[in-house]
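Below you'll find the structure, written out as structure tokens, and then a few comments.
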Amino acid sequence: MESVADYFGSLVFNDKAMRERLPKDTYKALKKTIGEGKDLDINVANVVANAMKDWAIERGCTHFTHWFQPMTGITAEKQESFISPTKDGQVIMEFSGKELVKGEPDASSFPSGGLRATFEARGYTAWDPTSYAFIKEGVLCIPTAFCSYTGEVLDKKTPLLRSMEALSDQAVRILKLFGKDSVKRVITTVGPEQEYFLIDKEMYSKRKDLIYCGRTLLGAKPPKGQEMEDHYFGAIRPKVAAFMNDLDHELWKLGVLAKTRHNEVAPAQHELAPIFSTTNIASDHNQLTMELMKKIADKHGLACLLHEKPFAGVNGSGKHNNWSISTDSGENLLEPGDSPEENAQFLLFLVAVLKAVDEYQDLLRVSVASAGNDHRLGANEAPPAIVSMFLGDDLADVLDSLANGRKCGGRSKTAMSLGVHVLPDLPKDTTDRNRTSPFAFTGNKFEFRMLGSTFSVAGPNIVLNTIVADELSKFADSLEKADDFYATLSKLVVDTYTAHKRIIFNGNGYSKEWEEEAARRGLLNLKSTPEALPAFIAAKNIEVFKKFNIFTAAEMHSRYELLMESYCKTINIEAQTMMEMVRKQVLPAVVSYSEELSKSALKKKQLCPELACETEVNLVKQLSVLSDSLCRKLEELDAAILRVSGISEVEESARFYHNDVLSSMNEVRAVADELETLVGTKYWPYPTYGDLLFYV
Ligand code: ADP
Ligand code: MG
């Protein structure tokens with residue numbers, strides 16, 4: 001059997017393929033471009049394109065595509081074949097440097113939030129040579145960034161690359177002050193843990209809500225839920241194991257470092273985590289992972305649900321964004337070091353993140369806001385909607401002792417002094433087993449746990465990189481001027497910690513007490529997407545993105561509009577789907593069952609007139625009362641949707657969807673679910689929660 005090492009990355013035009021296939025000087029020129037993030041010379045591009053094409057054709061490719069990430073949150077591709085006609089009516093296979101580095105998809109139908117009128121359809125995609133080309137289903141895919149001709153950013157990749165650059169520049173400034181002149185670049189790394197559900201494909205196809213919305217809109221609680229906690233880390237069932245094996249196999253061929261897999265808390269829920277990589281690659285790979293999960297599930301007779309809350313009353317799915325910063329030589333800047341200097345440097349980066357998370361709580365919250373994620377954040381599940389940070393007792397103790405000039409953990413005889421003393425060992429295992437914290441320090445990285453499972457990791461990382469770059473730039477401004485470096489540094493660390501320690505919370509994030517305590521501390525609690533989104537265009541937030549040339553004010557406004565609109569559209573589709581299911585499936589089922597009961601009662605009475613037929617009569621009564629109520633609730637929902645269509649302002653309409661439409665949907669659901677518990681199984685029109693969750 002072929003070993004993993006043999007086929008790992010076999011579908012990627014990676015460094016190994018480049019070294020084998022490119023002339024030495026072309027290889028060197030390309031590596032230089034990748035290393036320095038410069039533009040690719042067209043002569044080099046021609047040679048690279050040709051080699052890439054030959055490599056792809058040998059592997060069965062006939063087409064290539066620029067693979068990009070528009071603001072829809074998923075990836076897009078427009079495939080072109082390699083064919084080029086010859087004079088004698090034949091074709092040859094061609095691929096030029098120009099086609100490699102630049103593409104022109106007709107971009108008119110991608111959401112831009114009003115940035116471009118659709119007649120100005122021209123946008124272009126440009127190769128991001130730091131992310132390797134790869135083969136997906138016989139198509140050579142070139143990872144690209146997507147911009148309009150007037151220079152506006154139309155995707156998630158461009159700002160992500162810019163934010164990585166911004167953080168790198170500022171971190172390099174800081175490292176210079178510590179005498180690390182040789183560091184040319186600093187890299188942000190991400191390891192995203194991906195949660196998902198697997199259910200039977202045939203059952204999936206019988207549910208309109210799953211097909212249109214990705215989540216169930218109706219469904220009574222099954223007799224068994226997740227209360228036994230027998231699924232988490234449980235033995236993986238054969239059908240699921242076969243899927244996982246296939247998935248890993250395909251991911252490995254694509255060079256994705258799929259590493260950990262296990263069952264999650266909810267029945268039918270699972271998780272995959274890769275080994276971390278550079279942020280833009282982690283982002284590309286996570287998109288590929290989500291795409292492959294769906295495709296491979298389908299091949300196995302399964303459906304993969306990536307929605308944040310496919311089932312009410314059962315845990316939803318998130319994505320944990322493990323994030324760190326390291327130098328080009330591989331030094332992790334969030335790893336406490338062994339020497340006093342390294343520790344001082346570590347603490348400086350640590351408080352930069354601390355300050356960023358406190359000052360830009362709102363932006364971090366916005367970066368994880370969506371209709372789907374609203375069912376998790378602030379809804380008593382996974383992290384709360386309040387952004388706070390977990391540091392662990394040991395680290396908090398170190399910072400406290402620095403601030404108060406007292407001994408630390410009884411381990412050193414004198415009070416800790418920055419740049420003089422070595423930090424006490426921070427035992428990694430105790431740093432974090434607090435699963436409720438939205439933003440936790442986990443020994444040598446931070447784990448941002450608020451992302452929804454469908455999210456592109458680009459958005460949250462754009463925010464994270466930019467806000468940390470901002471704090472580092474302010475630190476560098478003051479430290480570069482300092483006469484006594486360590487004294488200034490010491491004061492900076494202590495002052496920052498003191499000013500921002502309100503964001504630190506090591507307790508239970510789900511508790512009512514924390515909500516009250518957070519309010520006292522003045523922390524934000526933005527419970528829903530319509531409440532959170534306006535923060536995106538707050539003056540200070542526009543300022544920070546402008547400062548590092550990540551977004552212009554116009555781009556931010558357009559993104560804001562887009563997010564609000566997409567929220568409204570999502571709820572609208574859900575409401576329409578729910579109405580259709582109730583009208584065309586639930587009510588007819590209730591009527592049929594009632595008819596059957598009535599017939600039965602009549603027949604029995606014919607046979608024995610003295611019978612009361614209580615079973616039938618009571619059920620028919622109950623069903624009749626409930627279905628009348630269901631019809632009324634349905635009319636209310638219909639009316640709410642009609643009202644919202646009259647609102648022209650997007651923020652107002654989003655609030656209306658949240659406050660009125662969603663609550664009206666909940667009322668419809670409550671009655672429909674009660675009916676489900678009464679109607680006979682063979683009459684019920686779609687698979688129940690029990691069928692969906694316990695079948696696979
Ligand atoms: P847990 O479930 O305890 O959070 P996992 O092992 O499932 O832990 O996930 C940890 C994730 O963090 C992995 O994807 C891992 O590669 C990633 N990770 C580890 N070190 C770093 C780092 N320096 N930068 C970014 N991610 C990291
Ligand atoms: Mg985790």
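First listed ligand is number 1; within each ligand, the first listed atom is number 1.
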Q. Are the side chain of R365 and the backbone N or O of L526 linked by a donor-acceptor pair below 3.5 Å?
A. yes

Quick note on ligand 1: atoms under 4.0 Å from a heavy atom of G191 include exactly 14 (O), 25 (C), 26 (N)

Per-atom filter on ligand 1: closer than 4.0 angstrom to a heavy atom of I275 are 16 (O)

Please report, to 0.1 Å, the donor-acceptor pairs under 3.5 Å made by any side chain of residues 455-464, with sequence neighbours excluded.
unit_1, atom_1, unit_2, atom_2, d
S456, OG, Q287, NE2, 3.4
S456, OG, A458, N, 3.0
N461, OD1, N321, ND2, 3.0
N461, ND2, N321, OD1, 2.9
N461, ND2, V457, O, 2.8

Ligand 1 to N332, heavy atom cutoff 4.0 Å, flagged ligand atoms 23 (N)

Q. What do you reckon, does T260 have a nitrogen or oxygen under 3.5 Å from a nitrogen or oxygen of ligand 1?
A. no

I'd like to know if E447 contacts ligand 1, where contact means a heavy-atom distance under 4.0 Å to any ligand atom. yes

Open item on the list: Please report whether ligand 1 has a polar contact with P274, defined as an N or O pair separated by less than 3.5 Å (distance criterion only).
Closed with: yes

Checking the N or O distance criterion of under 3.5 Å, is ligand 1 in contact with W323? no

On a heavy-atom basis, the closest approach of S317 and Q269 is OG-NE2, 3.1 Å

- request: Before signing off on this row, confirm whether F276 and ligand 1 have an N or O atom pair separated by under 3.5 Å.
  value: yes

(request) Measure the acute angle between the ring planes of F446 and F439, then classify it against the limits of 30° and 60° as parallel, tilted or perpendicular. (result) tilted

Sorted by chain and residue number, the side chain to side chain donor-acceptor pair (under 3.5 Å) partners of D181 (sequence neighbours excluded) come out as none

Notebook entry, point to check: Would you call the rings of Y689 and F311 parallel, tilted or perpendicular, where under 30° means parallel and over 60° means perpendicular?
Noted result: perpendicular

